[in-house]
S.K.: 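First the structure, which I've put down as structure tokens, then a few questions once you've had a look.
Here is how names work: the chains are called A, B, and so on, in the same order as the sequence lines, proteins then strands, and each is numbered from 1. Keep in mind it's a predicted model, so treat the numbers as computed, not measured. Just so you know, these numbers use all the heavy atoms, side chains as well, and skip hydrogens, waters and symmetry mates.
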There are 2 protein chains.
Amino acid sequence: MKASIPTATVARLPVYLRCLLSLPQDRSTCSSEELAQIAGVQSAQVRKDLSLVGLRGIRGVGYDIDALRRQITSLLGLDHEYRVVIIGAGNLGRALAAFEGFREWGFTVVALIDTDPSKVGTTVARLPIAALGDLEAIVQEHDASIGIIATPPGAAQDVADRLSAAGVRSILNFAPTVLKVSGVEVRRVDLSSELQILAHHLQG
Amino acid sequence: MKASIPTATVARLPVYLRCLLSLPQDRSTCSSEELAQIAGVQSAQVRKDLSLVGLRGIRGVGYDIDALRRQITSLLGLDHEYRVVIIGAGNLGRALAAFEGFREWGFTVVALIDTDPSKVGTTVARLPIAALGDLEAIVQEHDASIGIIATPPGAAQDVADRLSAAGVRSILNFAPTVLKVSGVEVRRVDLSSELQILAHHLQG
DNA sequence: TAGATTGTTAATCGATTAACAATC
DNA sequence: TAGATTGTTAATCGATTAACAATC
């Protein structure tokens with residue numbers, strides 16, 4: 001029984017990975033101090049995180065960059081391909097469908113879904129927009145494991161329920177809605193809230 | 001000297017506010033238990049948060065919904081208007097420029113800025129795209145206090161430096177770049193990282 | 001060896017939750 | 001009054017940081 005990795009640590013792994021990939025090809029090792037510097041955290045944090053996920057360095061030398069890259073990739077499951085469906089073909093949904101940053105890490109957007117009949121059948125980034133009624137069929141056909149909700153707030157819970165029932169196991173929710181689901185991991189990105197938090201500091 | 005509000009509490013205020021606004025008009029009070037339920041947190045959390053920001057309820061009754069709405073709005077500074085500049089007119093930058101969710105809370109996008117000469121002068125959501133060279137002039141002209149970075153990663157630090165020097169005090173960063181700035185509050189939204197974190201759970 | 005750097009422990013800090021007296 | 005619900009304290013939990021012996 002392996003102890004699970006703290007969520008704060010998991011959330012930093014993508015940052016470390018990107019930093020490691022940005023290091024010059026000819027470098028072979030990297031100290032926790034240097035990685036911390038470019039990742040914007042403390043070196044003790046880096047050592048603790050890497051230690052928690054079972055990654056070891058060499059005392060007096062540092063960490064093997066290539067081993068770190070490969071092992072973090074594997075820990076995050078980025079050596080698999082994941083199929084993603086996006087629900088909501090508004091400005092945000094379309095931008096996400098065309099976003100290159102997903103493909104780069106092995107996430108393939110297999111469908112963009114919307115209720116608007118005038119949108120269905122048109123294409124965004126070479127992807128045809130499908131009807132909401134086909135959600136379940138599409139998830140099953142492509143064996144999609146991730147759903148991205150970019151609908152208006154009122155539609156989000158229903159879409160989440162349907163994604164969950166169809167077998168999607170992770171949801172990235174851009175709707176400003178608190179989703180009630182079970183057995184599905186949800187991450188929330190609330191763009192308006194982010195600005196509101198910044199606003200608090202501007203005046204406080 | 002007022003003690004400052006814990007960051008975790010500040011981050012929940014926008015959620016509470018949205019929940020309160022979704023309550024029927026004819027309701028006048030709301031218990032911490034009910035608010036917790038719709039916000040997806042524990043009732044003790046709600047009471048603690050509200051207490052930390054100085055909001056009181058009535059024992060045996062609950063909290064006054066209208067007072068809560070007004071006071072949270074004020075705490076977050078949402079009774080002001082904020083001018084926002086967006087840098088990067090790619091898919092994401094354009095989607096953000098057209099995003100209605102910002103306007104709704106008093107955030108006005110005053111400029112969309114890009115380096116690409118073929119984009120400059122065209123319009124997105126009735127907003128003309130400006131040249132990067134004009135960033136400082138635009139920030140000053142509109143007295144913008146928030147910058148949204150939606151550039152490729154390599155450009156983000158330079159843009160952040162220029163925003164900061166031009167007087168912007170808060171940055172929302174969508175580039176997968178760790179920004180080094182001082183005296184500016186930065187919030188990071190890393191879309192690829194979100195999927196990577198979800199991927200970790202899919203396989204773990 | 002001397003210098004560098006890890007890996008881990010313990011201390012600290014901050015956030016969440018449970019519990020319940022206070023009181024409407 | 002009796003029932004409901006707050007406001008706060010204390011307990012718990014999780015995350016960060018400091019410090020340093022181990023060791024390359």
S.K.: Regarding A:Thr9, tell me which of base, sugar-phosphate or nothing describes its non-hydrogen contacts under 4.0 Å with the strands shown.
M.R.: nothing

S.K.: Does the side chain of A:Ser32 get closer than 4.0 angstrom to OP1 or OP2 of C:dT6 through an N or O atom?
M.R.: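 True: A:Ser32 side-chain N/O within range (under 4.0 Å) of C:dT6 OP1/OP2.
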
S.K.: What is the distance, rounded to the nearest whole Å, between atom CG of A:Asp49 and atom P of D:dT16?
M.R.: 7 Å

S.K.: Return the value, rounded to whole Å, for the distance between atom CG of B:Leu35 and atom C1' of D:dA4.
M.R.: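 Going from CG in B:Leu35 over to C1' in D:dA4 covers 17 Å.
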
S.K.: Could you check how far CG of A:Leu52 sits from P of D:dT16, rounded to whole Å?
M.R.: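 Answer to the nearest Å: 10 Å.
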
S.K.: State which residue, out of B:Ile146, B:Ile148, B:Thr108, fulfils the side chain to side chain contact (heavy atoms under 4.5 Å, CB included) condition with B:Phe102.
M.R.: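 Answer after filtering B:Ile146, B:Ile148, B:Thr108: B:Ile148.
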
S.K.: Can a salt bridge be assigned to the pair A:Glu34 and A:Arg27 using a cut-off of 4.0 Å between side-chain N and carboxylate O?
M.R.: yes

S.K.: Mind calculating the distance between CD1 (B:Ile5) and P (C:dG14) to the nearest angstrom?
M.R.: 15 Å

S.K.: Is it the case that the side chains of B:Asp64 and B:Thr29 hold a donor-acceptor pair, with the cut-off being a distance below 3.5 Å and no angle test?
M.R.: no

S.K.: Expressed in angstrom and rounded to an integer, what is the separation of A:Arg59 atom CZ from D:dT23 atom C1'?
M.R.: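 Rounded to the whole Å, the gap is 5 Å.
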
S.K.: Any side-chain N or O of A:Ser51 less than 4.0 Å from the OP1 or OP2 oxygen of C:dT8?
M.R.: yes

S.K.: So does A:Gly77 get a backbone contact from the side chain of A:Tyr82, meaning a donor-acceptor N/O pair under 3.5 Å?
M.R.: yes

S.K.: Would you say B:Thr29 reaches D:dT5's phosphate, i.e. side-chain N/O to OP1/OP2 under 4.0 Å?
M.R.: no

S.K.: In dot-bracket form, 5' to 3', how is DNA chain D paired? Count Watson-Crick and G-U wobble pairs only if both distances fall under 3.5 Å, and write | where the partner sits on another strand.
M.R.: ..||||||||||||||||||||||

S.K.: Can you tell me if A:Gln42 touches the phosphate of D:dT16, counting only side-chain N or O atoms and a distance under 4.0 Å to OP1 or OP2?
M.R.: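 Looking at the OP1 and OP2 atoms of D:dT16, neither is under 4.0 Å from any side-chain N or O of A:Gln42.
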
S.K.: At under 4.0 Å between heavy atoms, what does A:Ser43 touch on the DNA or RNA strands: base, sugar-phosphate, or nothing?
M.R.: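 No contact at all - A:Ser43 keeps every heavy atom at 4.0 Å or more from the nucleic acid.
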
S.K.: I need the CD-C1' distance between A:Glu33 and C:dG7, as an integer number of Å.
M.R.: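 It is 15 Å, rounded to the nearest whole Å.
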
S.K.: B:Asp190 and salt bridge (Lys or Arg N to Asp or Glu O under 4.0 Å): which single residue from A:Arg12, A:Arg187, A:Arg18 fits?
M.R.: A:Arg18

S.K.: Measure CZ/A:Arg47 against P/C:dA4 and give the value in whole Å, please.
M.R.: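 That distance rounds to 15 Å.
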
S.K.: Mind checking if A:Ala44 touches a base, just sugar-phosphate, or nothing, with heavy atoms under 4.0 Å?
M.R.: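 Base contact.
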
S.K.: Residues from residues 60-67 of chain B sitting under 4.0 Å of DNA chain D, heavy atoms only?
M.R.: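 When residues 60-67 of chain B is checked for heavy atoms under 4.0 Å from DNA chain D, the hits, listed by number, are B:Gly60, B:Val61, B:Gly62, B:Tyr63.
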
S.K.: Under 3.5 Å, is there a donor on one side chain and an acceptor on the other for A:Arg47 and A:Ser32?
M.R.: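 Note: A:Arg47 and A:Ser32 side chains meet the donor-acceptor criterion.
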
S.K.: Which pair of non-hydrogen atoms, one from B:Val168 and one from B:Ala144, has the smallest distance, and what is that distance?
M.R.: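 Looking at all heavy atoms of both residues, the closest pair is CG2-O, 3.7 Å.
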
S.K.: Do the side-chain N or O atoms of B:Gln45 get closer than 4.0 angstrom to the phosphate oxygens (OP1, OP2) of C:dA15?
M.R.: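 For C:dA15, neither OP1 nor OP2 has a side-chain N or O of B:Gln45 closer than 4.0 Å.
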
S.K.: Between A:Lys48 and A:Ile58, which is nearer to the 5' end of DNA chain D once each is assigned its nearest nucleotide?
M.R.: A:Lys48

S.K.: Working to the nearest 0.5 angstrom, can you tell me the gap between A:Ser4 OG and B:His200 NE2?
M.R.: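 Rounded to the nearest 0.5 Å, the OG-NE2 separation comes out at 7.5 Å.
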
S.K.: Do B:Thr73 and B:Asp79 have a side chain donor and acceptor closer than 3.5 Å?
M.R.: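 There is no such pair between these side chains.
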
S.K.: Is a donor on one side and an acceptor on the other found under 3.5 Å between the side chain of B:Gln157 and the backbone of B:Lys180?
M.R.: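 Yes.
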
